[in-house]
Amino acid sequence: MNKFFRHIRRSLIKQNKMGKYFKYAIGEILLVMIGILLALQVNNWNQNRKDSIKECQYLINLKKEIQMDIDFINRNVLERYPKKMEVLINGKKYYQGKYNIQDTLQFLNNLGYGNVFGNVIWSFHRTTYNQLTNASHFDIIENDSLRESILNYYNFLNGVDESSEGKPTGYIDFTLSLAPWDPSNPEVISAFDTKLFMTKVKTEEFYRLVNREISLAHN
């Protein structure tokens, strides 16, 4: 192809047809420019296609990780929250003389249920978020509103992590110190431990710990 174009140029020069030569040269330059622009356009299209595929994969992975966090919170926190609050409030009422115990052993075991998610480690999934951050790929998410929402969500999680440091209230240690938990027989508390536990439930220390655990549960 290059030999063909060179042959035309030489022929025009030999024939002293400079006007046609310049027109031809300009036309050749235009063809080259058009070829370059087309190549750039194809390259941009191909890069955009790759970015779109990568964006979709990032969003799919983010959705999976967020769903795992939702499942964890539902299973370990939200589903247990109503009973946890019920037994803690009953403990408060007993201290205040407003609750009549029907079954002492059941009452104390229920107070032990107040321990649930009191020391939960909030370990949220951040693998995909970290990949986006470390590679400076957040701009690959084209939707501005979606991108901002994702950033706000993970900033919120960072705040949850910080606020959960030193979170345990002492309620768990208090109840476990009074009624040793036997994995093989978790519903049984000895007669001696039952008597001691019941005296401690009437103390101001217990009342304060229950209030702190309720506040933690609300948060």
Side-chain angles (χ1 to χ4, degrees), residues 62-129 148-219:
L62 280 173
K63 181 179 179 182
K64 287 180 180 178
E65 291 179 6
I66 291 173
Q67 187 60 55
M68 284 191 289
D69 290 340
I70 290 172
D71 293 341
F72 173 84
I73 293 170
N74 282 336
R75 182 175 61 254
N76 293 288
V77 179
L78 297 182
E79 291 179 3
R80 297 176 171 184
Y81 175 81
K83 183 175 180 180
K84 177 184 177 82
M85 293 301 297
E86 178 186 356
V87 299
L88 292 174
I89 290 172
N90 286 341
K92 281 189 63 169
K93 288 180 178 179
Y94 178 75
Y95 176 86
Q96 297 167 347
K98 299 178 181 178
Y99 182 80
N100 294 321
I101 297 176
Q102 304 297 321
D103 184 328
T104 301
L105 189 59
Q106 185 63 54
F107 173 72
L108 295 179
N109 275 311
N110 285 343
L111 289 181
Y113 190 87
N115 295 336
V116 298
F117 72 80
N119 59 353
V120 166
I121 298 175
W122 302 98
S123 181
F124 297 104
H125 292 83
R126 286 187 174 83
T127 301
T128 304
Y129 169 76
E148 183 178 358
S149 294
I150 292 170
L151 288 170
N152 288 339
Y153 171 73
Y154 284 97
N155 285 334
F156 168 76
L157 291 192
N158 291 335
V160 171
D161 281 345
E162 292 173 4
S163 65
S164 65
E165 292 181 4
K167 181 183 62 175
T169 64
Y171 181 87
I172 295 175
D173 290 339
F174 181 85
T175 54
L176 290 180
S177 69
L178 295 169
W181 186 68
D182 179 4
S184 62
N185 203 1
E187 301 301 319
V188 173
I189 302 176
S190 71
F192 182 87
D193 287 332
T194 298
K195 183 177 179 180
L196 177 62
F197 203 156
M198 289 302 296
T199 61
K200 294 296 184 180
V201 172
K202 277 293 188 179
T203 62
E204 184 179 334
E205 180 186 8
F206 171 78
Y207 191 77
R208 288 188 295 102
L209 290 175
V210 167
N211 281 334
R212 291 180 63 186
E213 193 69 22
I214 289 174
S215 297
L216 171 66
H218 280 312
N219 289 334

What one should report as the nearest heavy-atom pair of Asn115 and Thr175 is OD1-OG1, 3.0 Å
I'd like to check Arg126 versus Asn158 (side-chain heavy atoms, cut-off strictly below 4.5 Å). Are they in contact?
yes
Least distance between heavy atoms, Ala217 atom then Met85 atom:
CB-SD, 3.7 Å
Out of Leu216, Asn211, Val210, which one pairs with Leu88 under the side-chain contact (heavy atoms from CB on, under 4.5 Å) rule?
Val210
Would you indicate whether Asp103, at its atom CG, is surrounded by more than 12 heavy atoms from other residues, nucleotides or ligands within a distance under 6.0 Å?
yes
Could you tell me whether the side chain of Gln96 reaches within less than 4.5 Å of the side chain of Tyr207, counting heavy atoms only?
yes
Is any side-chain heavy atom of Phe124 closer than 4.5 Å to a side-chain heavy atom of Met68?
no
Distance from Thr169 atom OG1 to Arg208 atom CZ, nearest 0.5 Å?
11.0 Å
Please determine if Lys202 forms a cation-pi arrangement with Tyr94, meaning its NZ or CZ atom is less than 6.0 Å from the six-membered ring centre and no more than 45° off the ring axis.
yes
Considering all heavy atoms, the nearest Ala179-Ile189 contact:
CB-CD1, 3.9 Å
How about Glu148: does its CD atom have over 12 heavy atoms from other parts shown lying under 6.0 Å from it?
no
List the atom of Phe197, the atom of Leu111, and the distance in Å for their closest heavy-atom pair.
CE2-CD1, 4.3 Å
Met198 to Ile101 - nearest heavy-atom pair and separation:
CE-CD1, 3.4 Å
Does a side-chain heavy-atom distance below 4.5 Å link Asn90 with Asn110?
no
Taking the six-membered ring for Trp, are Tyr81 and Phe117 parallel (under 30°), tilted (30 to 60°) or perpendicular (over 60°)?
parallel
Atom pair OH/CD1 of Tyr171 and Ile214 - distance to nearest 0.5 Å:
9.0 Å
Got a second to check how far Leu62's CG is from Thr127's OG1, nearest 0.5 Å?
10.0 Å
Measure up the Tyr154 and Tyr129 rings against each other and bin them: parallel (under 30°), tilted (30 to 60°), perpendicular (over 60°).
parallel
Taking the side chain as every heavy atom from C-beta outward, state whether Glu86 and Tyr113 have any atom pair closer than 4.5 Å.
no
With the side chain counted from C-beta on, respond yes when Lys64 and His125 share a heavy-atom pair under 4.5 Å apart, and no when they do not.
no
Check Phe174 against Lys200 and note the closest heavy-atom contact, atom names and distance.
CZ-CB, 3.9 Å
Looking at Phe156, I want to see if its CZ is surrounded by more than 12 non-hydrogen atoms of other residues, nucleotides or ligands under 6.0 Å.
no
